[in-house]
Amino acid sequence: MSEKRILVVEDEPSLAEVVSLYLKRAGFQVQIASDGKQAMNILEKQIPDFVILDLMLPEVDGLSLTRWLRDRSDVPIIMVTARREEIDRIAGLEMGADDYVVKPFSPQELVSRVRAVLRRIGRDQAGAESERVLSYDSITINPLSRLVLVRESQIELTAKEFDMLYLLACHPKQVFTRDQLLERVWGGAEYIDPGTVTVHVRRLREKIESDPSSPKHLLTVWGVGYKFEP
Ligand code: CA
């Protein structure tokens, strides 16, 4: 496989340099843009395989740049932020970043995150062809169109809600622990709060169960995790 090209958008030259050094050592080709405007110029010519994007940038900030880029491409993005509070991380991720790191971070950790995101995407693409439509009595789940029908009417799910429902429904009656769900649905990203799984299960129940307080499909297995009952 040819070397993956990574664009690093970072206005601190020393940080850009050290990140670039580690990425090159890990076998990536690296290009650096020192502000949002320059990044746009580069991205307009060619979309790289990966973008590492500082949130606080001169000219065009990281969030606007992400939005702009997402209109053009689904290239994976890792966002870099100076303070955890600076970004509403959910907003950042929902806008299309695949992961984020908080400064100061170890360049080695960033490299691992890049690899993890690439692995996750590779797995998604590899899995795409074997995906099948699941049909149980009141629920139909189509992984290609990502549509879910419950009692004949279409319901709206977020990307993660869909992924989690599909995973569970692909393996009816099989119990998944929270850690397994975090690993399979969120790609094992360490920054995700394990409570996220609980929240997603609750929202899914509200959407697919006729009585969310007494679920028939998405069942809790106390002390273990969750399973799908057809
Ligand atoms: Ca900055």
Side-chain angles (χ1 to χ4, degrees), residues 2-122 124 158-160 182-183 185-196 199:
S2 63
E3 286 184 347
K4 299 256 185 209
R5 290 164 304 120
I6 300 188
L7 175 65
V8 175
V9 190
E10 172 57 69
D11 58 315
E12 288 170 42
S14 56
L15 183 58
E17 211 166 292
V18 73
V19 163
S20 151
L21 185 73
Y22 271 78
L23 288 169
K24 282 179 184 162
R25 233 187 253 161
F28 296 102
Q29 275 184 41
V30 184
Q31 190 171 11
I32 295 172
S34 54
D35 65 53
K37 196 87 195 153
Q38 199 187 341
M40 279 179 166
N41 289 336
I42 292 170
L43 291 164
E44 262 171 351
K45 289 190 200 94
Q46 197 181 24
I47 303 283
D49 299 303
F50 209 101
V51 176
I52 294 172
L53 184 58
D54 186 18
L55 190 59
M56 300 294 279
L57 288 169
E59 305 293 334
V60 180
D61 70 88
L63 285 182
S64 310
L65 188 57
T66 304
R67 223 175 280 133
W68 177 88
L69 184 53
R70 274 291 169 261
D71 285 342
R72 286 161 179 76
S73 163
D74 55 1
V75 59
I77 301 173
I78 288 184
M79 212 170 255
V80 177
T81 166
R83 283 189 307 130
R84 199 169 287 270
E85 308 83 70
E86 209 169 58
I87 177 177
D88 178 334
R89 66 182 192 186
I90 304 301
L93 294 171
E94 280 182 355
M95 193 159 14
D98 296 271
D99 200 352
Y100 82 115
V101 293
V102 179
K103 292 177 183 177
F105 56 87
S106 90
Q108 194 51 55
E109 190 205 339
L110 180 61
V111 171
S112 311
R113 296 285 188 98
V114 169
R115 288 205 173 112
V117 170
L118 288 172
R119 260 201 313 275
R120 191 160 81 212
I121 289 166
D124 289 352
T158 65
K160 295 299 181 202
L182 281 174
E183 169 65 33
V185 176
W186 281 267
E190 305 100 83
Y191 60 87
I192 297 285
D193 177 347
T196 305
V199 172

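Because the structure is predicted, anything quoted here is derived from the model rather than measured. First listed ligand is number 1; within each ligand, the first listed atom is number 1. Start at 1 with the first residue, then count along the sequence.
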Which angle, to 10 degrees, forms at the Ca ion (ligand 1) with OD2 of Asp54 on one side and O of Met56 on the other? 80°

Is the distance from the Ca ion (ligand 1) to the nearest N/O/S atom of Glu12 under 3.0 Å? no

Quick check: does Glu10 have an N/O/S atom under 3.0 Å of the Ca ion (ligand 1)? no

Using 0.5 Å steps for rounding, measure from the [atom1] atom of [X] to the [atom2] atom of [Y].
X     : Y      : atom1 : atom2 : value
Glu10 : Leu53  : CD    : CG    : 9.5 Å
Arg25 : Ser20  : CZ    : OG    : 10.5 Å
Leu15 : Leu110 : CG    : CG    : 9.0 Å

Looking at the Ca ion (ligand 1), which N/O/S atom of Asp11 is the nearest one? OD1

Before accepting this row, confirm whether a basic side-chain N of the pair Arg115/Asp99 lies closer than 4.0 Å to the acidic partner's carboxylate O. no

